[in-house]
Each structure stands twice: as C-alpha cells, then as structure tokens.
Amino acid sequence: MIGAWIMKPIPYVAGVPVLGKLLDFSSDQLHFLQSIAADYGDIVHYRLLTNDSYQLNHPDYIQQVLVTQADKFEKSALDRAILRRALGDGLLITEGKFYRRQRKLVQPAFHSKRISAYADLMVDLTERLMDDWHDGAAIDVHEAMSTVTRRIVLKALFDTDETPETEEIAEAVDTINHISEDAYKRGFVYPEWLPMPSVRAGKRAVAQIDRLILGIIEERRQSGEDKGDLLSMLLLAQDEDDGAGMSDRQVRDEAVTLFVAGHETTANALSWALYLLARHPAVEAKLHAELDQALAGRAPTLSDLAQLPYTDRIIKEAMRLYPPAWMLNARTPLEDVTIDGYTLPRGSMIFISPYVMHHDARYFPEPDQFDPDRWTPAFEKALPRYAYFPFGGGPRVCIGNSFALMEARLVLATVAQHYTFSITDTIKPEPLVTLRPHGEIRATLKQRVALPAAAF
C-alpha cells in the first residue's frame with residue numbers, strides 16, 4: 001500500500017465514449033503523436049477503443065522498454081495479428097525462445113564480411129538503373145528508388161534478377177501496406193472469413209508473394225546449390241543445440257520479412273534524402289564537392305565510404321526527419337512494469353515513435369530543419385542513446401541495419417555524383433507501415449560532370 005502512494009500519476013487524455021482518442025489518432029497519426037508529446041510530456045495515457053495506451057516520449061523510458069526491461073514486454077496482439085497475415089512467423093512477429101532461435105539462425109547472413117560482398121552489386125544495379133536516365137528526363141524518385149532497392153534485395157537475397165513476376169511483388173507489398181495501416185487506424189483486424197474487398201485483396205497479395213518466394217525455395221532445395229546469397233544461408237542454417245534447420249515455411253517467413261523490410265525501408269530513406277537535397281542546394285553542393293574529391297567520377301566502392309562522411313550525415317539526417325520505421329511495433333507489458341516511478345499496467349499498449357523523438361527540440365535544435373552538419377562526433381556523443389533510433393534497439397534491433405546503411409550510402413553516392421534533381425512540389429509523408437512519401441516525387445533530372453580531384 002505504501003508503494004502505491006509514491007507512484008507517480010500518469011497524465012491522462014480523455015477521449016469520446018467507446019472510441020477514446022481513436023478518431024484523432026486515425027485522422028493524422030504524426031500530428032496526434034507529436035501534439036500529445038508536446039502537450040503532456042514524457043509519458044501520457046489515452047485509450048484507443050478498448051486498448052489502454054501509453055506513449056513514451058523520453059529516451060530513458062524508451063531504453064527501459066527496448067533494452068533494460070525488454071524481457072517484460074512482447075509485441076502487441078494487434079501488431080502480431082496485422083503483420084502475421086503477410087509475414088508469417090518471421091523475426092518481426094515471433095517472441096521468446098522461438099524468436100531467439102530464429103534470430104540466431106538468421107544472424108550469420110548479416111555478418112559484416114558477408115554483407116560487404118554486396119557493395120559492388122549495389123553500385124552496379126544503381127548504375128544500370130541510370131542507364132535509362134538522361135538530361136532533362138522526368139522521373140518519379142520514389143518509384144526509381146523502390147525499383148533499385150527491390151533489385152538489390154532480390155539479387156542479394158535470392159540471387160535472381162528482376163522479372164515481370166518480381167515487378168508485380170511491388171504492387172502486392174503496396175496493397176499489404178495500405179491494408180495493414182487501415183487495420184492500425186481502426187484498431188482491429190477483419191476476420192479472414194469476412195467477404196470484404198480488403199480481405200480478398202490481402203489474400204491475393206500474400207498468395208502472389210508466396211508463389212514467387214516458395215517457388216524459389218523449392219527450386220533451391222531441389223538443386224541443393226549454395227549460391228552464396230542470403231537464401232542459401234537460411235537454408236543451410238542449423239541450430240547449434242539440436243542440429244535442426246528451418247522448414248520451408250520458416251525459411252519463407254524469414255525471406256518474406258527480409259524482402260519486404262529490406263527494400264521498402266531503404267527506398268523510403270533514399271527517396272527522402274534525394275527530395276531534401278533538391279530542396280537544399282547548399283547541402284547538395286557540399287555533397288557534390290565531397291563525392292568529386294573522393295571519387296572523381298568513378299563508381300564508389302565499399303572502401304570509399306570512410307572518405308564520405310558528409311554522405312553519411314545526409315542519410316542520418318534524412319532518417320531523422322523521415323524515419324522509415326516511424327512507429328515501432330506496439331509493446332504489451334507481460335506484468336505491471338515500473339519505469340521511473342510510473343506503472344505501465346499488464347496488457348496495455350506501449351507506443352514508441354522514432355518520428356516523435358527525432359523531432360524533439362530538447363535533443364535536436366530546430367528539429368524541422370534539414371541540417372546534416374548537426375551530426376558532428378561531439379553531437380553524437382552527447383545525444384542520448386534513444387533520442388535517435390531509426391532501426392529500433394535492444395535485442396530486437398533491426399537485423400539488417402548495417403546492410404541498409406551501406407546500401408543507402410552507396411546508392412546515394414552513385415546517383416548524386418551524376419545527377420541533380422529539380423523538385424518543385426512539396427511532398428508530405430504518408431505513415432503506412434513505413435513512412436513513405438504521399439504520392440509521387442516528380443523530379444526533372446539534370447546531368448552533371450564530376451570535377452577532377454585536382455580541382456580541390
């Protein structure tokens with residue numbers, strides 16, 4: 001009883017009967033989350049339908065959930081229900097012992113030596129994309145970046161090139177994205193037996209993905225060939241305790257998770273980076289100077305990345321302003337959890353938003369400004385660990401973060417040294433499963449010639 005007296009009260013935001021704050025949340029999620037943080041501080045309680053929800057807006061509290069007390073939380077039932085239909089029991093969904101086993105089996109595919117081998121592939125496929133570009137051409141930046149990242153993940157994951165069938169996968173992923181976000185907004189998932197257009201569309205999209213992925217897995221099982229790609233690693237992986245590998249279904253679930261997450265998130269990060277560069281010519285000029293001095297017009301390699309610190313800062317700043325994972329999967333406490341004197345009740349939903357934290361003026365002065373120069377070593381050293389976390393954190397940190405960062409920097413360096421982009425439209429973010437641009441990013445290309453290194 002004494003402990004109850006010293007517990008801190010959590011600010012509560014009342015909503016309307018039955019729905020709570022669901023309508024406000026659904027109408028503009030980014031604005032809702034930011035305004036709640038601005039008005040109520042580091043922790044706030046509101047209700048979405050029957051779900052008691054707690055939004056955490058402080059790095060220390062977020063670290064408690066993701067790292068320090070991570071074993072006391074699991075993915076929310078809503079998140080699991082939404083994502084399982086498309087991704088199955090991949091790393092994004094699973095919990096406990098099974099998650100740890102799968103993570104251990106998948107992890108070797110992302111060892112630094114293995115992902116380093118894909119650097120030349122990333123550059124080559126980006127150059128092939130630009131074969132169809134020319135001075136004055138009009139392109140959709142997001143479509144172009146989605147195309148190249150899809151081709152990269154297809155080759156790295158499955159050692160396969162783009163085909164008409166793989167091109168259709170982009171539409172299937174887009175369908176799943178919108179259906180999933182609609183479910184998040186209304187707070188529940190339609191039963192699979194319900195004869196609704198969105199349910200049928202979701203089933204068709206998943207079947208389309210399965211035809212491709214399961215077909216590749218079956219073909220590879222029959223051939224027994226080790227192609228050195230990520231799929232081969234998944235098929236060859238064995239549990240060190242019992243020697244068991246993954247079933248075809250488990251391989252499918254992990255492969256689909258890596259495929260969907262692998263191209264969607266990096267495509268968004270690159271699209272936003274190129275959009276921001278087009279809107280900030282002084283930043284773009286500094287990038288061109290760095291690329292020209294380090295590369296002098298030749299294709300970048302993995303070893304060049306150490307000489308491209310400003311390129312790295314641009315990617316970091318783009319992911320700060322527009323984090324692809326704008327909201328982490330909601331967590332549910334398995335028991336009452338105390339954080340800094342506040343109690344998060346068992347069974348509630350815990351919301352953690354990188355978008356909110358990345359726009360917090362306490363940690364990022366002028367948070368809405370695109371300023372790659374803020375990312376000095378001193379700034380990064382002083383920044384609280386969970387003020388900036390585009391890849392999540394703790395035991396569930398994104399397994400492909402090193403792959404994604406290498407890809408983003410190499411693709412940006414390859415594109416930016418040859419082209420500038422003229423973009424006149426103001427693009428707004430669309431918070432689906434990932435934070436993608438709303439609509440097209442129409443750009444006019446202007447070809448540039450790199451200055452020789454001797455000019456610097």
Side-chain angles (χ1 to χ4, degrees), residues 48 50-56 61-110 176 180-181 183-184 187-189 191-192 206 234 237-242 244-262 264-265 325-339 343-354 386 389-401 433-434:
L48 302 177
T50 60
N51 298 310
D52 276 304
S53 304
Y54 294 81
Q55 183 178 323
L56 305 186
Y61 300 170
I62 293 168
Q63 184 166 3
Q64 287 288 318
V65 174
L66 298 184
V67 184
T68 312
Q69 302 192 65
D71 59 334
K72 297 178 182 177
F73 296 85
E74 67 178 9
K75 297 289 180 74
S76 74
L78 178 62
D79 280 88
R80 294 200 306 270
I82 291 171
L83 296 174
R84 180 171 278 124
R85 289 192 177 179
L87 304 182
D89 288 318
L91 288 177
L92 275 177
I93 310 297
T94 52
E95 297 286 351
K97 185 178 180 180
F98 184 74
Y99 168 79
R100 291 190 292 274
R101 175 185 183 272
Q102 288 300 105
R103 178 100 185 188
K104 206 169 183 179
L105 289 173
V106 176
Q107 189 69 60
F110 290 93
I176 290 167
S180 298
E181 187 54 31
Y184 279 118
F188 64 92
V189 178
E192 289 199 81
V206 171
L234 296 179
Q238 290 184 322
D239 190 303
E240 61 182 28
D241 294 326
D242 59 17
M246 294 188 224
S247 67
D248 283 0
R249 193 67 199 181
Q250 287 172 325
V251 172
R252 176 267 179 208
D253 291 348
E254 301 301 354
V256 170
T257 298
L258 295 175
F259 174 79
V260 172
E264 174 82 9
T265 53
W326 62 278
M327 172 87 95
L328 300 189
N329 298 131
R331 263 61 169 183
T332 294
L334 298 169
E335 59 187 71
D336 288 357
V337 177
T338 300
I339 294 178
T343 295
L344 302 177
R346 175 185 176 185
S348 58
M349 290 180 68
I350 311 303
F351 288 156
I352 295 172
S353 172
Y386 285 94
F389 52 113
F391 295 102
R396 301 196 72 107
V397 68
C398 173
I399 199 169
N401 57 354
V433 175
T434 59

| request: Mind checking the CG-CD1 spacing from Leu83 to Ile176? Nearest 0.5 Å is all I need. | output: 10.5 Å
| If only atom types and distance count, is the side chain of Glu254 paired as donor or acceptor with the main-chain N or O of Leu91 below 3.5 Å? | yes
| Point-to-point distance, once rounded to the nearest 0.5 Å, from CZ of Phe73 to CD of Glu335 | 8.5 Å
| message | Please give me the minimum heavy-atom distance between Arg85 and Val206, naming the atom from each residue. | response | O-CG2, 3.4 Å
| Would you call Arg396 and Glu95 a salt bridge, using N to O less than 4.0 angstrom? | yes
| Is it true that atom CZ of Arg249 has more than 12 heavy atoms of other residues, nucleotides or ligands lying nearer than 6.0 Å? | yes
| note | Taken to the nearest 0.5 Å, the spacing of Leu334 CG from Lys72 NZ works out to 10.5 Å
| said: For Ser348 versus Pro333, what's the shortest heavy-atom pair and its separation? | reply: O-CD, 3.2 Å
| task | Take Tyr386 and Leu56 through the test side-chain contact (heavy atoms from CB on, under 4.5 Å) and record every step on the way to the result. | result | CA-CA 11 Å; Tyr386 285 94; Leu56 305 186; over 6 Å; no
| Expected output: side-chain Gln107 to main-chain Ile399 donor-acceptor under 3.5 Å | no
| query | To the nearest 0.5 Å, how far apart are CD in Gln63 and CD1 in Ile352? | reply | 11.0 Å
| request: Please tell me if the side chains of Leu344 and Tyr61 come closer than 4.5 Å, counting only heavy atoms from C-beta onward. | output: no
| Do you know the tightest heavy-atom contact between Asn329 and Lys75? | OD1-NZ, 3.1 Å
| message | What verdict does the side-chain contact (heavy atoms from CB on, under 4.5 Å) test give for Val65 and Tyr54, after you've listed the backbone C-alpha separation in whole Å, the side-chain angles of each residue and the deciding distance to 0.1 Å? | response | CA-CA 12 Å; Val65 174; Tyr54 294 81; over 6 Å; no
| remark: Between the CE atom in Met327 and the OG1 atom in Thr434, the distance rounded to the nearest 0.5 Å is 14.0 Å
| request: Looking only at non-hydrogen atoms, find the nearest pair between Met349 and Ala330 and report the distance. | output: CE-CB, 3.8 Å
| task | Could you walk me through whether Arg101 and Leu105 pass side-chain contact (heavy atoms from CB on, under 4.5 Å), step by step? | result | CA-CA 6 Å; Arg101 175 185 183 272; Leu105 289 173; 3.4 Å; yes
| said: Looking at every heavy atom in both Pro354 and Trp326, which two are closest together, and how far apart are they? | reply: CD-O, 3.2 Å
| Heavy-atom side-chain contact between Gln102 and Tyr99 under 4.5 Å | no
| field | Nearest heavy-atom neighbours spanning Gln69 and Val337 | value | OE1-CG1, 3.4 Å
| Quick check: does any side chain N or O of Arg331 sit under 3.5 Å from a backbone N or O of Leu66, one acting as donor and the other as acceptor? | no
| message | Working note: Asp79 + Thr332, criterion side-chain contact (heavy atoms from CB on, under 4.5 Å); need CA distance, chi angles, decisive distance, verdict. | response | CA-CA 10 Å; Asp79 280 88; Thr332 294; over 6 Å; no
| Once you round to the nearest 0.5 Å, how far does CG of Leu78 lie from CG of Asn51? | 7.0 Å
